[in-house]
Amino acid sequence: MTQPRPIRTVRGVRDILPGETVRWQRVEAEARRVFEAHGYREIRLPLFERTELFARGIGETTDIVEKEMYTFQDRSGESLTLRPEATASLLRAYIEHGLHVQPKPVRLYTLGPMFRYERPQAGRYRQFHQINVEALGEAHPALDAEVIGMLMELFRALGLAERLALQVNSIGDEACRPAFRERLAAYLREHAGELCPECRGRIERNPLRVLDCKRPGCQPLIDKAPSILEALCPGCREHFERVRGYLDALGLAYRVNPRMVRGLDYYVRTTFEVLTEELGAQNALAGGGRYDGLIQALGGPPDPGIGFAIGVERVTLLLGAGPDGPLPTALLIPLGEAALTALLPLAQAARRHGVGVEVAYGRKLRGELERAHRLGVPYVVIVGEDELRADRATLRDMASGAQRAIPLDRLPEELAALGRPG
RNA sequence: GUGAGCGUAGCUCAACGGUUAGAGCACUGGACUGUGGCUCCAGGGGUUGAGGGUUCGAAUCCCUUCGCUCACCCCA
C-alpha cells in the first residue's frame, strides 16, 4: 500500500498558524474597539456576489475587474465572483436592506478575506484579509477627517504610528477632474518621448496613473506636471481645505501628495493612503477615499460615502513576532488512573472559575514537568497516590520551585486565585 | 501576464559528478522508578519538489514541469 501524496495549499493562499493568530486577534480586537468607540457597527457580508456587482461597483476597466477576479459559474449557470474588495458588497447590502433610512451617517465596518488572482509577493496574496470601514450618507468634510483620524488612531493603538506615513489628496470630482485630465494628457503628449513605454500607453487610457509611476526616468516630468490641486473646482477646493483643517485640529501629521492616485475608479475628492517603507514594494497598509455617486450608480439613493480598507497581512507583518499567545495557568499532572479520574472534574471546575487549565496524560512526572517548563506554564499541579491518600494536591510554582499542599476540593478556587495575579 | 533567484529531514543548512546523503535545532526514549531548566547516550524520521535526459556513476550537469521568493505590474 503506497502512501497517498499530501495535498498542499493553493498558490497565493496560506495557513495562519497559532504563533501568528495571536497577532491577528490583536489587530482585529483593536479595530473593533476603536471603531465601536466611534459609533461604527459591524456588518458581515457574503464572500461571493453576482459578478455584475463588482463590474459596476469597481469599474469595468480597472485591473481588478479586467484580470484579477475569481469568477465562476454555479450550477444554475449564473456568473459569480469571489469578492476582490468589500465596498461594493457593503453598498449592495446598504441598498438592499434600506439601511439609508437610518440616521446618517450610517457607520459600518466589516472584516474578512478578499480574493484577487495576482502573482503572490511579499505582502501580497491571492486570499488576503481586509478590515473595511464605510461611512455613508453624509458629505460633510468633518466625516472625512473622522474616518482618517479613526484609521490613524487604530495604528496608534497598535504601536505602529511612528513607522507609518499618512498621505492625503483630493482628486476632484466630475466638475473638475475631466478638464484636468485633458490638461494633463495634453502635457504628457507633449513630452511623450521622455516617458517610459508603460506611461506612454497610459496617456490616453488613464493619464492620472502616470503620476503614480515609480520609474526614476519619469520623475522629472511628473514633478513638473500640472497639479490636480490647482485645478480643483471651488466646491472640491473648499472641501479639501476643510478636511485639512479638521485633520490639523485632530493633531494628525500628514503629507499632501498631489500625485497620489488610487486604483479604483469610484473615488472622488478626498483620497488617502497609509504607507510604510518596511515592506518592500507592497508599501500601502491602508487606503481609502470618498466615493460620492457610487451608491447611486449601484441603483441606490444619491447618498455620498467614504471609507477605507486595511491590509491585515501587511499590518501583522509590521507587528512582527510577538509572544506566542495565552497559556493555561496550570498543567495538571495525574499519576495513575485514579488520580486522572479525580482531576478531570476539578479541571472542569477550575475552568468554570475562569482559569486556564491543561491536563497531562500518560507520561512520567519528569517528562511532564519538562513539558510544563518548555510551554512556559507558571504552575503545575501534581496528584499521585500520596496526594490521593491525603485528599490533597501538590501545587508547584515553576519559577521558584516552591511547593505546597492544598486540599483537593479547594483546588479550583486556589487555581482561580493564581489566574488573577495582582 | 513578464523577469530573476532558489527548491536537500518538521526548521536552519552541509555534502568537488564518485561508497549507504550528513550536522545543529526540534521530536521520542534512556541515564534519572514521584520532581523541570544542565549534561550525556540512543532512536525515529529523506522518493534530495516532480518527470525526463547526459553519464560507468547525478542532490550536483541539461531539458521540462511544479512550487517558493523577490521585482515589474497592481494594490491592502
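The sequence lines fix the lettering, A, B, ..., with proteins before strands; numbering per chain opens at 1.
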Length of the [atom1]-[atom2] vector between [X] and [N], whole Å:
X      : N     : atom1 : atom2 : answer
A:L17  : B:C11 : CG    : P     : 11 Å
A:F155 : B:A76 : CZ    : P     : 12 Å
A:L375 : B:A26 : CG    : P     : 14 Å
A:E68  : B:C73 : CD    : C1'   : 9 Å
A:Y125 : B:C68 : OH    : P     : 11 Å
A:M69  : B:C74 : CE    : P     : 18 Å
A:L318 : B:A76 : CG    : C1'   : 13 Å
A:Q167 : B:C75 : CD    : C1'   : 15 Å

So which nucleotide does [N] pair with, by the Watson-Crick or G-U wobble rule with both distances under 3.5 Å?
N     : value
B:C70 : B:G3
B:G43 : B:C27
B:C38 : none
B:G17 : none

Using the [atom1] atom as the point on both nucleotides, what is the distance between [M] and [N], in whole Å?
N     : M     : atom1 : value
B:C63 : B:G10 : P     : 29 Å
B:A42 : B:C70 : P     : 40 Å
B:C41 : B:A50 : C1'   : 39 Å
B:C40 : B:A23 : P     : 15 Å
B:G43 : B:C11 : P     : 23 Å
B:G53 : B:C6  : C1'   : 22 Å
B:C68 : B:C27 : C1'   : 26 Å
B:C16 : B:A59 : P     : 12 Å

Would you say a side-chain N or O of A:Q121 is under 4.0 Å from OP1 or OP2 of B:A71?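 Answer is yes, contact under 4.0 Å.
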Distance under 6.0 Å and angle within 45° of the ring axis: does A:R14 meet both against A:Y125?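 So A:R14 does make the cation-pi contact.
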Enumerate all atom pairs, one protein N or O and one N or O from nucleotides 3-5 of chain B, separated by less than 3.5 Å.
{"residue": "B:G3", "atom": "O6", "partner": "A:R119", "partner atom": "NH2", "Å": "3.1"}

From the list B:G67, B:A76, B:C73, which nucleotide is the closest neighbour of the side chain of A:A309?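 Of all the options, the side chain of A:A309 is nearest to B:A76.
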Applying the side chain to side chain contact (heavy atoms under 4.5 Å, CB included) test to A:V274, which of A:I310, A:V315, A:L166 qualifies?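 The side chain to side chain contact (heavy atoms under 4.5 Å, CB included) with A:V274 is passed solely by A:L166 among A:I310, A:V315, A:L166.
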Residue from A:D173, A:L232, A:I306, A:V243 passing side chain to side chain contact (heavy atoms under 4.5 Å, CB included) with A:R269: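 Only one of A:D173, A:L232, A:I306, A:V243 forms a side chain to side chain contact (heavy atoms under 4.5 Å, CB included) with A:R269, namely A:D173.
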Provide the full list of salt bridge (charged side-chain N to carboxylate O under 4.0 Å, His left out) pairs with a residue in residues 105-124 of chain A, sequence neighbours left out, each pair given once.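 Those involving residues 105-124 of chain A are A:R107-A:E146, A:E118-A:R124.
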Calculate, to the nearest 0.5 Å, the distance between atoms CG and CZ belonging to A:D292 and A:R290 respectively.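 Result: 4.5 Å between the selected atoms.
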Does the pair A:F35 and A:Y109 meet the rule for a ring-ring contact (aromatic ring centres under 6.0 Å, His included), with working shown? CA-CA 8 Å; A:F35 298 166; A:Y109 73 89; 5.5 Å; yes
Indicate yes or no: at least one non-hydrogen side-chain atom of A:F54 is less than 4.5 angstrom from one of A:R83.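 Heavy-atom side-chain distance check passes, below 4.5 Å.
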Is there a side-chain contact between A:L332 and A:E358 in this structure, where contact means two heavy atoms from C-beta onward sitting under 4.5 Å apart?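 No; the side chains remain at least 4.5 Å from each other.
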Any donor-acceptor pair under 3.5 Å joining the side chain of A:R11 to the base of B:C66?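 By the distance-only test, no, there is no pair.
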Between the side-chain atoms of A:R14 and the base atoms of B:C68, is any donor-acceptor pair under 3.5 Å?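 Check fails, no donor-acceptor contact within cut-off.
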Using 30° and 60° as the class limits, which term best fits the ring planes of A:Y70 and A:Y117: parallel, tilted or perpendicular?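 Geometry flag for A:Y117 against A:Y70: perpendicular rings.
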CZ (A:F48) with more than 12 external heavy atoms under 6.0 Å: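 Check fails, neighbour count at 12 or below.
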B/S/- contact track for nucleotides 33-42 of chain B, protein heavy atom under 4.0 Å: -BBBB-----
